[in-house]
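Here the structure comes first, spelled out in structure tokens, and everything after it is commentary.
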Amino acid sequence: MRIGVIGRSDLGGLGIETRYFTKWMKPTKIMIVKIGQYKHFPEVFPGCKVVEFAPTDAEIREFCKDIDVLFAFETPYNWNAFKIAREMGVKTGMFIDYEWQPDPFPVEPDVIINPSDYLMEKLPKKSVHITFPVDREVHPFRLRTKAMKFLHIVGHGGGYGRNGTKEFLEAIPLVKNQNIKFIIHSQINTDKINDPRVEYRIGNYLNEGEMFKDADVLVSPRRYAALSLPLNEAMSHGLAIIMSDMNPQNKFLPKELLIPVYQKTTIKICREIELGFISPQAIAQRIDELAEKDITKYSEYSNKWAESISWKVLKPQILNLFT
């Protein structure tokens, strides 16, 4: 099967998805779209075609020669791509991020893969749920036994305070335990507080696995969004997870580690989604409850869950879908 991929080469979520998909699915052709303010690394994809902002119809037509499937992540950047591919007898598919999808789709691909079962009823009937797999070679398991180092990932920040960084920073002074440490990793300059327990790590990792190696617990008081690549990666490493009590993560994470959400509303990005509000006090309480405790059972659970969504397990499902 000859697969052509339209993706990104930055270190944001779409770039990470492009890199792992390329590694495991081994596409015949790769088109890298350079867009946005992040640094790009097209050299990671030898022989790729690089375009600025969006491919033209002519570039799409040329790219679709000699492939069987055209695949994209969140957007093809030129929505005519799916129409052109269909005219050329090429099947099309896309991993989506629900909140960033136009409503309706300008042109629907042949299959839409929602990496969460979140709001499946709002999507076309051709949609299926397969989460984006985690690479357990890059993110190997190590048993965590004691909750001493708590990690929070800012990433590129996210819109509408998505990752709950503001609430997390406000929670740290409320944490009573003085023996634990906090690691805050950010790809951008972020707000800081003066607390000797906090270590800031600012910058990019070409190997995302480096973010997790020193930590025992991921603290992610997310306000919205279904797919969380850092969550899947943290679980692959064996971290215990403290996260907001919201759909979809409250369907599979240990209930006793979820952070209560005191209020919910809706926001519209491209589509309407649920937005939750979490208090710093509730975050601090969960951290104190887990601090210095035995987390062996949570680490083992994370490992088991990560294996169920690994490339080893899910790649056959994706290949079968393409076939």
Side-chain angles (χ1 to χ4, degrees), residues 10-16 36-39 97 99-100 147 149-177 180-205 208 210-212 214-235 237 239-250 253 257-265 267 269 273-291:
D10 55 46
L11 297 180
L14 299 182
I16 299 302
Q37 72 272 32
Y38 308 146
K39 184 177 179 180
D97 288 312
E99 64 271 21
W100 291 103
K149 294 184 178 180
F150 291 72
L151 171 68
H152 175 73
I153 298 175
V154 179
H156 287 118
Y160 300 92
R162 179 181 62 185
N163 293 337
T165 299
K166 178 178 180 293
E167 292 85 350
F168 177 72
L169 291 175
E170 292 175 356
I172 290 175
L174 305 177
V175 175
K176 298 173 183 177
N177 190 296
I180 60 175
K181 300 295 183 183
F182 298 100
I183 301 170
I184 299 177
H185 181 266
S186 178
Q187 292 169 273
I188 59 173
N189 288 323
T190 188
D191 293 336
K192 296 181 179 180
I193 61 171
N194 185 19
D195 190 303
R197 297 172 294 178
V198 180
E199 176 188 350
Y200 292 91
R201 298 179 182 178
I202 311 298
N204 291 310
Y205 288 122
E208 304 84 53
E210 295 293 314
M211 286 191 293
F212 304 96
D214 297 335
D216 305 306
V217 182
L218 176 71
V219 184
S220 183
R222 291 191 116 201
R223 301 185 70 189
Y224 74 89
L227 174 66
S228 172
L229 294 177
L231 168 63
N232 295 346
E233 293 163 354
M235 295 185 80
H237 282 271
L239 273 65
I241 309 296
I242 293 176
M243 203 167 186
S244 44
D245 188 359
M246 294 180 70
N247 183 22
Q249 59 260 21
N250 59 9
L253 289 177
L257 300 188
L258 295 174
I259 309 165
V261 177
Y262 70 83
Q263 182 181 345
K264 293 180 182 178
T265 185
I267 58 169
I269 300 178
I273 58 168
E274 187 177 67
L275 178 73
F277 295 90
I278 302 102
S279 72
Q281 292 80 5
I283 299 170
Q285 180 179 336
R286 281 288 180 265
I287 292 171
D288 270 322
E289 288 171 353
L290 200 60

ask   = Are L169 and I184 close enough, and set up right, to give a side-chain contact (heavy atoms from CB on, under 4.5 Å), and what steps lead you there?
value = CA-CA 9 Å; L169 291 175; I184 299 177; 3.5 Å; yes
inquiry  = For K39 and L11: C-alpha separation, side-chain torsions, deciding distance, then whether side-chain contact (heavy atoms from CB on, under 4.5 Å) applies.
reply    = CA-CA 8 Å; K39 184 177 179 180; L11 297 180; over 6 Å; no
key: side-chain contact (heavy atoms from CB on, under 4.5 Å) between L257 and I241, intermediate numbers included   = CA-CA 7 Å; L257 300 188; I241 309 296; 5.6 Å; no
request  = Show the numbers, then the answer: is there a side-chain contact (heavy atoms from CB on, under 4.5 Å) between E233 and I16?
outcome  = CA-CA 12 Å; E233 293 163 354; I16 299 302; 4.2 Å; yes
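Two residues are said to be in side-chain contact when any heavy atoms from C-beta on lie closer than 4.5 Å; R223 and F277 meet this criterion. Between P221 and H152 the shortest side-chain heavy-atom distance falls below 4.5 Å. At least one side-chain heavy atom of I183 sits less than 4.5 Å from a side-chain heavy atom of R201.
The two residues V217 and A147 make their nearest non-hydrogen contact at CG2-CB, 3.8 Å. Closest of all the heavy-atom pairs between I193 and P173 is CD1-CD, 4.2 Å. Here the closest heavy-atom approach between residue F150 and residue I242 is recorded as CE2-CD1, 4.2 Å. Counting all heavy atoms, side chain and backbone alike, K181 lies closest to P196 at NZ-O, 4.2 Å. Nearest heavy atom pair, residue S244 against residue L258, reads O-CD2, 3.9 Å. Scanning all heavy atoms of the two residues, the minimum distance from L174 to A284 falls at CB-CB, 3.7 Å.
Ring-plane geometry between Y224 and Y160 is classed as perpendicular, the angle between the planes exceeding 60 degrees on a 0 to 90 degree scale with a lower cut at 30.
Partner of S228 under the side chain to side chain contact (heavy atoms under 4.5 Å, CB included) criterion, chosen from Q249, R222, R162: R222. With F182 as reference, I287 is the one residue of L151, I287, V219 to meet the side chain to side chain contact (heavy atoms under 4.5 Å, CB included) rule.
No side-chain donor-acceptor contact under 3.5 Å links H185 to the backbone of N204. Side chain of D97 to main chain of W100: no donor-acceptor pair is present (N/O by atom type, distance under 3.5 Å, no hydrogens or angles). Formation of a donor-acceptor pair under 3.5 Å by the D216 side chain with backbone atoms of K149 is found in this model. Distance alone, capped at 3.5 Å, places no donor-acceptor pair between the D245 side chain and the V261 backbone.
No hydrogens or angles considered: nothing links the side chains of Q285 and Q281 as a donor-acceptor pair under 3.5 Å.
Distance CE/M246 to CD/E274: 4.0 Å, rounded to 0.5 Å. For the atom pair M243 CE and L253 CG, the distance stands at 6.5 Å (nearest 0.5 Å). With rounding to the nearest 0.5 angstrom, the CD1 atom of I283 is 8.5 Å from the CD atom of E170. From Q37, atom CD reaches atom CD1 of I188 across 9.0 Å, with rounding to the nearest 0.5 Å. How far OG of S220 is from CD1 of I278: 9.0 Å, rounded to the nearest 0.5 Å. To the nearest 0.5 Å, atoms CG (N163) and CD1 (I153) are separated by 8.5 Å.
Every salt bridge (Lys or Arg N to Asp or Glu O under 4.0 Å) that R197 has, sequence neighbours left out, goes to D195.
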